[in-house]
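This one's a predicted model, so the numbers in the text were calculated from it and none came from an experiment.
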Amino acid sequence: MVYPKGSIVVLDTETNGLNPFSNGKIDQKGNLPGARIFCFAYFTELGEYGFMMKTSRSLAWLKRLLNDKRKTVVFQNAKFDLELLYFEGFDVLNLKAHIDDTMIMSKVVRSTAPAHDLITLSKQVLGKYDTDDKDEIVIWLKEHGNEFKKLHGRKPNFSDVPIEIVKRRVLWDVETTFYVYSKLKSMVEETCPELYETERRLIFACIDLELYGVKIDISRAKELRAQAIKDLTAIQNDLDKLVLPIQVTRKKKGIEIVEQITDKFNPGSGQHVAGAFNKLGIPLLYKTKPKKSKKGSDKKSGGGNWSFDEYAMIRYVSKPLAGVIRDSGEDGWPASKFYDEVYRVIEEYDLDEQELLPPLILKYRQVQKMISTYYDHLINDCTDTHVESSGREVGILHCKFNAQECMTGRFSSSQINLQNIPRLLGPRECFIPRKGRRNYHLDYDQVEMRFFVHFSGDQTMAAAIDEDIHRTVAAEIYDKPKEEVTSEQRKRAKGTNFGIIYGAGAATIAETLTKKGLPTSTQEGMQVTGKYHRKFPSVRRTTKAFGSELKEYGYVTNPFGRRYHIPTQFSYKMLNYMCQGTSADLMKRAMVEVWEWLRATNKISRIILTVHDEIVLECPRTEELEVVTKAIEIMEELEMFNIPMTVSVDVVTKRWSEKVKPSSLGFSFK
DNA sequence: TTCCTAGGCCC
DNA sequence: GTACGGGCCTAGGAAA
């Protein structure tokens, strides 16, 4: 175990799993709980290399390396390796060595590339195509999976693969990473060094967020789940009574087969639902549209099946019931209220019993989703579970935050996704601050709209940005003073504003407004967008300017240096990329600075999550005023292009679902 | 198993 | 003359 002389050291660890967090249970896929490192390898610019199994001696060697301030240690995806090293007792937030990350480099330099794994980088950055055998480990796992399972009763992982294979692979990894690093480093320096630096510093903030986690009231999740199961059973009974038996048509190798369903109607199956509609004599009317396929092409796929989404269901029922469905969605009614209201309205307006079908299916799907997407994970995935003196079971959920997953620059979140927790339904009741803490939600006001106004340069909009921009736009479109704008007109203007940012045409804007309960014909849509562009001509000018920039250079650069490479036929997306991406990069800068300030001043307060334009801080009462005030200051200081950035604050004392303005607790920050 | 489709939640 | 943006997760179904 020679200590390397080179100053650039590429490091790669191999582990026996992907998720280092453990609640002691084997997960649904049969993986071991609590992934750990079992070996690692290095490679330096002097050509030195080595492979080591994890031992106390090799870990000591590693610790020395990572705390050597003369070294630059390069990882492919540093967040993963460093989190695993945390579980080996490394103080990963205070390493002395400089950390670099080739995956992040690739993502900032080649943002629209479809993949950033090492094999792809080897092909695309180094131009090496002899990589077919580099998935040896995966191949071995596939070939020996069943045999291994019979012998050991579990799935094999990387640490079960013959060590020569692992060694070959990990040495190839570190060497390849080194050459990729050499190439990408100069590309980063030429194109976006500051952007990369922010992302690099963000590695540590992300690690901290993920390791610290969010506190969950598991008892509450269990209560809510139990209630949801009850609701589900009730709905299932009603549905079975209403529709069974049904005939279901399914396809097998192109041949249609008809099947009788007599025992259980499945509201989650389109075929069952179609069967139920037929049974009740409701003519099927609406079909799904083809969707754009994922990346890089304008091909469409799918479509042509009977559609049973909420908007279709609303059109299948009569007006009063459609109103119930809309109100329920807007106000987040619990299932019981929805249920009562549906039956009440059917009674009151003397509607056919068959009208029960669409609302019951909708509610069934919603409740089912809450159970499988939220409650099950909240109950099963927490670490550090214990019962508090109050008798409630609590735990910590470690979700993932990925700073590089979105091409625009936004964060994404997974396992579970903390960025799409329903605002109005049960799950937010399960998220609670730790003992003696409060959660502060710091939210940039209308940030994307601000950048939209900035890029367009429209003076009327700019003047209204701190008031109510949608109302201002409505006043212009409908030629009336702001005070006389009706709430419906404001809603239309808001829909149009967002539609324009997202690059929608008149027809799509009309359709979207219609779906939101504001019936609009394509013609009316064209009138509105026509008026919009006459009143705000700079918006179209901006779209065109981005388009010609894209055509000329093949990419457009946002104010933080992030480049968007896309085919010119998608130039309608660029306005959105610029608004969304600039906001995202602003947010990242703010987050890094808030996080580093918290560390530098030894604060107990932590950033626990971020939702696109919002940072959530968990603060002890002793420092909440100082920390929140400072965080707002940091966020607002990043004012760009003379657009004031304003931050609004909400506070959570008990449950996320009970988020309020600080003023309602008798204090404020401004 | 794996892949695709549909549906639905967030900003 | 044309185009709503970016995510994540789940269940069902069809082909292998």
Side-chain angles (χ1 to χ4, degrees), chain A residues 29 142 145-146 248-255 257 266-273 287-294 298 300-313 329 332 361-362 364-366 368-374 376-377 399-400 402 405-425 427-428 443-444 446-449 452 495-513 515 525 529 543 547 564 566 569-581 583-584 587 610-614:
Chain A
K29 288 179 184 168
K142 273 198 178 144
N146 289 333
V248 168
T249 315
R250 59 176 72 250
K251 265 189 186 167
K252 214 150 203 175
K253 289 179 183 167
I255 303 161
I257 295 173
N266 183 352
S269 159
Q271 293 168 353
H272 280 222
V273 175
K287 292 202 167 184
T288 59
K289 286 184 189 165
K291 280 206 271 188
K292 281 180 212 158
S293 61
K294 275 281 158 190
D298 48 0
K300 305 206 171 174
S301 61
N305 299 314
W306 294 117
S307 171
F308 302 109
D309 65 10
E310 188 184 273
Y311 181 55
M313 294 304 206
I361 290 171
L362 285 175
Y364 183 97
R365 287 201 305 236
Q366 187 185 64
Q368 173 67 46
K369 176 95 180 173
M370 291 305 115
I371 295 171
S372 59
T373 308
Y374 300 110
D376 282 347
H377 287 288
C399 304
K400 280 191 171 175
N402 195 321
E405 207 52 47
C406 302
M407 57 162 309
T408 57
R410 292 220 292 210
F411 268 96
S412 77
S413 164
S414 58
Q415 294 179 14
I416 63 177
N417 181 357
L418 285 182
Q419 297 182 323
N420 72 344
I421 309 287
R423 290 191 338 248
L424 299 169
L425 301 169
R428 285 198 185 193
D443 190 311
Y444 274 119
Q446 308 243 38
V447 59
E448 286 185 28
M449 201 54 75
F452 169 63
T496 308
N497 268 332
F498 280 106
I500 299 272
I501 295 185
Y502 293 154
T508 321
I509 290 178
E511 199 186 320
T512 310
L513 291 174
K515 284 191 181 179
T529 51
T543 306
Y564 303 113
I566 51 169
Q569 75 257 35
F570 296 129
S571 66
Y572 72 90
K573 294 183 175 182
M574 197 52 83
L575 179 62
N576 178 249
Y577 286 2
M578 291 293 278
C579 295
Q580 188 185 115
S583 311
M587 186 65 199
T610 168
V611 190
H612 307 310
D613 54 4
E614 173 178 331

Check this one for me: any side-chain N or O of A/Thr288 less than 4.0 Å away from OP1 or OP2 of B/dT5?
no
By nearest atom, which of the nucleotides C/dA14, C/dG12, B/dC11 is closest to the A/Ser269 side chain?
C/dG12
A/Gln368 side chain N/O closer than 4.0 Å to the phosphate oxygens (OP1, OP2) of B/dG8?
no
Would you mind classifying the nucleic acid contact of A/Gly268 as base, sugar-phosphate or nothing, using non-hydrogen atoms under 4.0 angstrom?
sugar-phosphate
Can you tabulate the close N/O pairs, meaning under 3.5 Å, that link protein atoms to atoms of nucleotides 1-3 of chain B?
none

Any A/Gln415 side-chain nitrogen or oxygen under 4.0 Å from OP1 or OP2 of C/dC8:
no
Centroid distance under 5.5 Å and plane angle under 30°, A/Tyr502 vs C/dG5
yes
With the threshold set at 4.0 Å, does a side-chain nitrogen-carboxylate oxygen contact exist between A/Lys400 and A/Glu405?
no
Rounded to whole Å, CG of A/Asn576 lies from P of C/dC4 at a distance of 13 Å
From the set C/dA3, C/dC8, C/dG13, return the single nucleotide nearest to any side-chain atom of A/Asn417.
C/dC8
Counting only distance, no hydrogens or angles, is the base of B/dC10 paired donor-acceptor with the side chain of A/Arg423 under 3.5 Å?
no
In terms of side-chain heavy atoms of A/Met407, which of C/dA11, C/dG7, C/dG12 is nearest?
C/dG7
